[in-house]
Peer 1: 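Dumping the structure here so I can ask a few things about it.
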Amino acid sequence: MNACCCTLLSFNSWVWESCGSSTNYLIFYPTRMQVLGDTVKDDYPNIALLTLLYTLQGIPMGFSAAVPLILKEREASFSDIALFSASYLPFSAKLFWAPMVDSMYLPSIGRRKTWMVPAQLAIGMTLMFIAYKLPEWLGEGKDHVIQIVPLTLVFFFLYLLCATQDIAVDGWALTMLRKENVGYASTCNTIGQTVGYFEAFVLIIALVETGYVSFSAFTMFHGAVFIFVTLGVWMFKHESPPRPEEEIEGVSTVYKQMAQISQLTCVKELIIVLLTWKFSAGIADNVTVLKIQEIGMPKEHAATLSLLQTPVQIVIPMVVAKYTGGPYPLELAVKSYIPRTVLAAIAGLGLVYYAPAALFAALQTGEATLWDLLPYYTVLFLVTTAYSVFAANMFVSQMAFFAKVSDPAIGGTYMTLLNTVANLGSLLTKQVVTYGVDYTTVKSCTSGSATAQADAFASLTCPIAHDVENPCELGGGTCVTTIDGYYVMTYACLGLGILWWWQFRPLLESLQTRPVEGWRVSGSSYSVIPLGILFLIVFGMMVPTINRVLHM
């Protein structure tokens, strides 16, 4: 869902300023970013625990990211891989059950542990079950047929459990940390998920490729880790009971409050921002690496580049946390938006256009070595690492802002509402950009022979999908790309990014200056229209996948 920030962002002059106590604050002018003082030391154990819990959350995400690569190696169709992507949907639909997680609990266990402990134990057991059945689902059985439907369903269930754990942990973070340190929850989230994702994705690709361990054994081990850690948290970590003002009457009350939250002016404006501000980087986030792989870069090289970037992605949230822990957490996002947009365009245009296709092909035949690709890979690493710096800045800034404005009384539901909208923005961007690349690509059918009649092939079509009959190829022709939709969408993302900045920057800056009362529910009136629109967006994104499952 990262890169050192002080050397890449331009800050104005700063001074040490005493605030009437022994605690000092480093204040930047005029950025208004503040470095919190020594009070964070009291929360070090809680920060460590939250980082561990978010690390566990990243492990299933890494596993699910590795599965499509394995499926593709075993000649699964693009339709199979697209079907498997349905397993990611629970994180965009967790709003449906978040109120139950926030309001129904056993006081003897704890408000958040009531849901977190069973969810994590179930994740551990599910991983063990996956380890047992995975070879069969991946086509290693007697008939050597990939069983994509059960594979998708069990990972969908796994993500359902992870989404439930995420609701509970997000809510617990708001009360586990001291009020002045709650912004560090975003740092725990970013670092933990990055470490967990790295371990389950990058390491498994490396270890499986080298034959040191099987996918099943790796999954079985992490299932046991989940169970062991969860039992330890359950027995040894005390959860403070909610304060009287944080108690809520029941599930219906939370759903009502959620509807009230979604109609707050501040929240509606934030929803508009979250649904639209990722379009500027949509091509870099979702298509650029795949495009370079299409040109010829081996997937192992892509995994190695990801491995090299992991330390940077872990360190940057730690560095920028002190700038998002103050009263203006979105300031860092404001500073990072344009650099991220420009780097996305550079990666999208330069790195793809100048990708050494001939060297990639020669590498496969042994006529070239990795040293021949070193100059290109060096530039690729530097650009993508710099891009990840600003992407991490925006993510940490976003999560810190969510933690700042969320009402602790319904913290899990409030955070889930905002995270759901953020996830919807990411998925909506991915859908628009990915489909846009295909639908703006123009291909023509040619004969490939100077003696053939060109008119005979001009009427033959070149379909977008790869798993349907191709009239051009059936007719003896060849599909040639005349307009590459990848470049069309790259320019579109750049243009939309600049337009968004010009239109929405004042709104983004003003949101963090609103009084906290503007983010709190007051009164009893509510409207289900804003929330209903979000539900319709979620359902609309699920319909194509459900339809494909029903017609298999």
Peer 1: Holding to side chain to side chain donor-acceptor pair (under 3.5 Å), I want the full list of residues that pass it with Tyr377, two or more places apart in sequence or in another chain.
Peer 2: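 So Tyr377 forms a side chain to side chain donor-acceptor pair (under 3.5 Å) with His301.
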Peer 1: Ile346 and Tyr387: side chain to side chain contact (heavy atoms under 4.5 Å, CB included), yes or no, with the steps?
Peer 2: CA-CA 10 Å; Ile346 292 174; Tyr387 172 84; over 6 Å; no
Peer 1: Ignoring hydrogens and geometry, is there a side-chain-to-backbone donor-acceptor pair from Tyr376 to Leu351 under 3.5 Å?
Peer 2: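 Yes, because the side chain of Tyr376 sits within donor-acceptor range (under 3.5 Å) of the backbone of Leu351.
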Peer 1: Between Met399 and Phe395, is the side chain to side chain contact (heavy atoms under 4.5 Å, CB included) condition met? List the steps.
Peer 2: CA-CA 6 Å; Met399 295 301 295; Phe395 178 75; 3.7 Å; yes
Peer 1: Run the numbers on Leu134 and Phe63 for side chain to side chain contact (heavy atoms under 4.5 Å, CB included), then give the verdict.
Peer 2: CA-CA 12 Å; Leu134 194 61; Phe63 282 140; over 6 Å; no
Peer 1: Using a distance-only test with no angle check, is there a side-chain donor-acceptor pair under 3.5 angstrom linking Asn393 and Tyr337?
Peer 2: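 No, no side-chain donor-acceptor pair sits under 3.5 Å.
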Peer 1: When you measure from the side chain of Thr288 to the backbone N and O of Ile283, does any donor-acceptor pair fall under 3.5 Å?
Peer 2: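 Such a contact is found between Thr288 side chain and Ile283 backbone.
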Peer 1: Using only atom types and a distance under 3.5 Å, with no angle test, would you say the side chain of Ser397 pairs donor to acceptor with the backbone of Met394?
Peer 2: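 Here the side-chain-to-backbone pair does not exist.
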Peer 1: How far apart are the C-alpha atoms of Ser64 and Leu158, what are their side-chain angles, what is the distance that settles it, and do they pass the side chain to side chain contact (heavy atoms under 4.5 Å, CB included) test?
Peer 2: CA-CA 10 Å; Ser64 63; Leu158 186 64; over 6 Å; no
Peer 1: Work out which heavy atom in Ile295 is nearest to a heavy atom in Ala355; give both atom names and the distance.
Peer 2: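 Heavy atoms only, the tightest pair is CD1-CB, 3.7 Å.
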Peer 1: State the CG-CZ distance between Leu508 and Phe401, to the nearest 0.5 angstrom.
Peer 2: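 Going from CG on Leu508 over to CZ on Phe401, the span is 8.5 Å.
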Peer 1: For a side-chain contact (heavy atoms from CB on, under 4.5 Å) with Leu270, tell me which candidate from Leu275, Val421, Leu418 qualifies.
Peer 2: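 Result: among Leu275, Val421, Leu418, Leu418 is the only option passing the side-chain contact (heavy atoms from CB on, under 4.5 Å) with Leu270.
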Peer 1: Test your reading of the model: is there a side-chain donor-acceptor pair from Gln512 to the backbone of Glu331, 3.5 Å cut-off?
Peer 2: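 Looks like yes, one N/O pair under 3.5 Å.
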Peer 1: Relative to each other, are the rings of Trp500 and Trp277 parallel, tilted or perpendicular (30° and 60° limits)?
Peer 2: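 Because their plane-to-plane angle lies in the 30° to 60° range, the rings of Trp500 and Trp277 count as tilted.
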Peer 1: Please find out if less than 6.0 Å separates the ring center of His222 from that of Phe218.
Peer 2: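 Centroid distance His222-Phe218: below 6.0 Å, so yes.
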Peer 1: Out of curiosity, Asn423 CG to Asp166 CG, how far, rounded to the nearest 0.5 Å?
Peer 2: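 One finds 8.5 Å between CG of Asn423 and CG of Asp166.
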Peer 1: Taking distance alone, no hydrogens or angles, what donor-acceptor pairs closer than 3.5 Å link side-chain atoms of residues 365-373 to residues at least two apart or in another chain?
Peer 2:
from: Thr365; atom 1: OG1; to: Ala362; atom 2: O; distance (Å): 3.0
from: Thr369; atom 1: OG1; to: Trp371; atom 2: N; distance (Å): 3.4
from: Thr369; atom 1: OG1; to: Asp372; atom 2: OD2; distance (Å): 3.4
from: Asp372; atom 1: OD2; to: Thr369; atom 2: N; distance (Å): 2.8

Peer 1: Does Tyr491 have more than 12 heavy atoms from other residues, nucleotides or ligands lying within 6.0 Å of its OH?
Peer 2: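 No.
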Peer 1: What are the two closest heavy atoms between Gln165 and Leu53, and how far apart are they?
Peer 2: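 What the structure gives for the nearest pair is NE2-O, 3.2 Å.
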